[in-house]
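Reviewing the structure listed below.
Note on naming: letters A, B, ... go to the chains in the order of the sequence lines (proteins, then strands), and numbering restarts at 1 for each one. Basis for what follows: all heavy atoms, side chains included, without hydrogens, waters or symmetry-related copies.
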Amino acid sequence: MNVSVVIPTLNEEKNLDILLKELKNLKLINEIIIIDGYSTDKTVQEAKKFGCKVIFDDIGKGSALRKGLDAARGDIIICMDADLSMLSNEIHLLVAGIKAGYDICMGSRFIQGGGSDDMSLIRKFGNKFFVFLVNLLWHMNYSDLCYGYRSLKKSTIKKLDLKSDGFGIETEISIKAAKKGLKVLEVPSFEKARNFGKGKLKTFNDGWRIFKIIVTEFLKDDLHG
Amino acid sequence: MIYMVKIRIILPTYNEKDNLVILIPKLFEFFNKNKLDADILIIDDNSPDKTSDFVKEIADDFPIKLIKRRNKKGLGTAYVLGFKDSIKENIDIIFEMDADLSHKPQYILDFIKKINEGYDLVLGERKKFIDWGFIRKIVSRGGNLIGKYLAGIKVNDLTTGYRAYRKEVLNTINLDKIESDGYAFQLEMIYKTLANGFKVGSVPITFYGRKSGKSKLSKVDIIEFFILALKIRLRLVDV
């Protein structure tokens with residue numbers, strides 16, 4: 001099975017250089033797609049140096065990821081961040097999850113073997129609350145929600161029919177996977193602190209966005225019976 | 001050229017697909033990081049969760065060998081089959097390991113070190129249990145203690161399933177005469193290793209309780225274990 005990796009970027013030249021070297025060394029990946037938000041540094045040059053396909057989107061992470069997922073040609077598509085917070089070795093677990101017959105395989109920081117160096121108490125609490133809410137509303141057993149290290153089987157992308165433009169995209173995937181009865185597996189993942197540069201997540205704004213997605217998806221359920 | 005010691009991990013499986021998704025990449029990450037010449041042998045008893053199909057799929061990415069058996073035949077015979085195959089392939093150090101993530105790969109170097117110190121069979125002695133209830137711990141510790149005194153073998157963790165054999169041990173023991181299964185199988189292997197004049201050592205490990213799937217050992221296993229311990233004491237077991 002062919003493997004594509006989809007990475008949204010905005011001014012990540014230093015991280016990207018390290019990350020792309022690591023990904024090449026895995027000898028597992030057939031295609032890397034960078035979705036760049038019009039970086040003002042050398043992000044795009046770095047990407048092209050490594051032979052990545054580059055497309056542009058500056059609406060938000062969700063919109064970028066959706067474009068990347070549409071463009072990817074692999075049988076297995078990995079979503080990952082450019083900031084080196086995700087260990088590239090763990091791609092093997094995400095690939096294995098799809099090879100085991102799952103539609104989506106999600107990295108989780110909260111099962112045995114997982115962890116995080118990069119979560120403030122408030123983010124941890126927020127994530128826990130959203131996990132609880134989603135599990136309650138859609139009868140799932142998720143242990144993590146707002147974390148973007150995931151793999152999808154190509155055929156699930158159409159089924160998900162994703163709409164989010166911002167950081168809520170992960171939550172939308174988790175909820176829709178539950179609603180559509182997709183086969184989901186969680187695997188342990190360790191999140192490091194970002195390496196170079198600045199993070200783009202704004203705890204309260206993006207927390208509110210995630211909450212709105214949960215409520216909207218729940219109301220849609222009700223309307224349709 | 002320096003001779004690299006060949007290592008193999010044998011994993012008997014029955015419905016362990018979800019755990020293998022995690023364990024196989026983790027093991028090979030460990031092998032690569034530590035520059036070990038190692039492979040994995042999976043012996044699957046035709047798991048309904050299609051473990052064997054998954055193994056075939058992932059064998060594209062990693063050196064894994066699969067032996068598929070038609071039905072559920074138990075742990076003891078799976079390991080014996082794995083041992084014979086490993087002898088044929090001239091593997092130097094053969095590991096038993098559970099596929100359910102209770103045994104962490106990080107200890108593998110401790111086992112190898114101990115073997116290099118001159119031990120022939122090295123046991124992962126469970127010192128700490130994560131996610132195990134009080135009762136299970138007591139049953140495990142107590143059972144081992146009783147077994148130890150019944151059999152008269154000075155080994156603390158007789159039933160541990162994380163262990164490493166030097167190939168000479170498996171070459172010497174008559175594998176066709178191994179009779180028991182489950183806990184008793186683990187005890188029988190220790191007894192026969194000692195009775196053939198080999199040295200048994202141990203390294204401390206932390207045991208991680210099951211994350212998914214159900215434990216497959218039952219009361220019958222515990223009784224079989226005590227009966228074997230008694231038979232060993234009464235010298236009723238051929239070596």
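- Your options are K26(B), K17(B), K50(B), and the one with the most heavy-atom pairs under 4.5 Å with chain A is K17(B).
- No more than 12 heavy atoms of other residues, nucleotides or ligands shown are found within 6.0 angstrom of CZ on F211(A).
- More than 12 heavy-atom neighbours from other residues, nucleotides or ligands sit within 6.0 angstrom of CG on N116(B).
- Note that the CG atom of L28(A) and the CG atom of D61(B) stand 5.5 Å from one another [nearest 0.5 Å].
- The shortest heavy-atom contact between I22(B) and P188(A) is CD1-CD, 3.3 Å.
- Atom NZ of residue K99(A) and atom CG of residue D53(B) lie 13.5 Å apart, to the nearest 0.5 angstrom.
- Proximity to chain A is absent for every atom of F28(B), based on heavy atoms less than 4.5 angstrom apart.
- For K137(B), the NZ atom counts as densely surrounded, since its 6.0 Å shell holds more than 12 non-hydrogen atoms of other residues, nucleotides or ligands.
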- prompt: Where do Y208(B) and Q112(A) land on the side-chain contact (heavy atoms from CB on, under 4.5 Å) test, with the steps shown first?
  reply: CA-CA 9 Å; Y208(B) 293 80; Q112(A) 210 176 74; 3.4 Å; yes
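- Summarising the local packing, NZ of K128(B) is surrounded by 12 or fewer heavy atoms from other residues, nucleotides or ligands at distances under 6.0 Å.
- A100(A) and V21(B) make their closest contact through CB-CG2, 3.5 Å (heavy atoms, listed as atom of the first residue, atom of the second, distance).
- Atom-to-atom distance recorded for I58(B):CD1 and H92(A):NE2 is 8.5 Å, nearest 0.5 angstrom.
- Using a 4.5 Å cut-off between heavy atoms, E29(B) contacts chain A through its side chain alone, with no backbone atom that close.
- The environment of L136(A) atom CG is dense: over 12 non-hydrogen atoms of other residues, nucleotides or ligands sit within 6.0 angstrom.
- Within the 4.5 angstrom heavy-atom criterion, atoms from both the backbone and the side chain of L93(A) approach chain B.
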